[in-house]
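One structure is given below, encoded as structure tokens.
Numbers here are sequence positions counted from 1. Whatever order the structure lists them in is the order used to number ligands and atoms, beginning at 1.
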Amino acid sequence: MSTVICVDGPAASGKSTVSKLIAQKIGYLYVDSGALYRIVTWLIKEDGCNMSSTEEIAEFAKNARVDFLPKENRVAYEVKGREPGDNIRSPEINALVSPVSAVPEVRALVTGWLRGMRSLGNLVVEGRDIGSVVFPDSVNRFYLDADPDVRARRRHKEDVAKGFADSASEGKVKESLLNRDKIDSTRKAAPLTIPEGAMVIDTTEMTIEQVADTIIVNIK
Ligand code: DC
């Protein structure tokens, strides 16, 4: 069985950057589970599904198809032969992804995909329920957190670079981020929570290197 390192935490806590760096440093595959929820949300939206109907979303989830392939140090996702790119990170998808990912059928679909990736090799998987629900048997569980203002600043900077936000909109970014945190941690199915026995790391005043190295030295 391959080794799985679980990195959970709220939006913009540093999970993606840190998980990518760990994968690169120790030769594991990086897995972005949030991107899978984003892809499903994007496919549902493109399909013209009624986003306020849990039944329609659940029905759609039965037929959603994404291909997975190891590419350099990550597991890449393709829909009809193409990687979805930054389409899945728009403010519109940001607003829709938390409610879609709260639908149990969507969670079952993505959880099955993630578990299947173990056959591809050793993994660093980032998300919200990785250590608690997806790989509860993993002994490598980490939970990253940071001050909400710092998280908003980090996400705003990324959004400006992608052309999704202007320089004056940090407040809006913070509002959207806190709203997602609230939905993610209060939903019934697999809420964002600190997995039992996880090592909690506050990244507010740490560099990416420091967080990655803290995790690497604690891998069992
Ligand atoms: O990490 P992210 O911001 O790209 O995640 C997008 C959304 O996906 C997040 O708001 C909640 C959901 N998500 C989840 O429910 N479970 C995961 N393991 C990862 C993400």
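- Other residues, nucleotides and ligands contribute only 12 or fewer heavy atoms inside 6.0 Å of the CD atom of Glu72.
- Both Val110 and Leu120 sit in one connected hydrophobic cluster of ILVMFWY residues. Membership requires side-chain heavy atoms under 4.5 Å apart, directly or through other members.
- Looking at Ser138 and Asn140, their side chains never bring a donor and an acceptor atom within 3.5 Å of each other.
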In residues 155-164, what donor-acceptor pairs under 3.5 Å come from side-chain atoms, sequence neighbours left out?
| from | atom 1 | to | atom 2 | distance (Å) |
| --- | --- | --- | --- | --- |
| Arg155 | NE | Glu158 | OE1 | 3.0 |
| His156 | NE2 | Asp166 | O | 2.9 |

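- Near ligand 1, residues Ser33, Gly34, Tyr37, Arg38, Arg89, Val97, Ser98, Ser101, Arg107, Gly127, Arg128, Asp129, Ile130, Arg180, Asp184, Arg187 come within 4.0 angstrom through at least one heavy atom.
- Tyr30 and Gln24 share no side-chain donor-acceptor pair at under 3.5 Å.
- Between Lys80 and Glu46, no side-chain nitrogen of the basic residue sits less than 4.0 Å from a carboxylate oxygen of the acidic one, so the salt-bridge criterion is not met.
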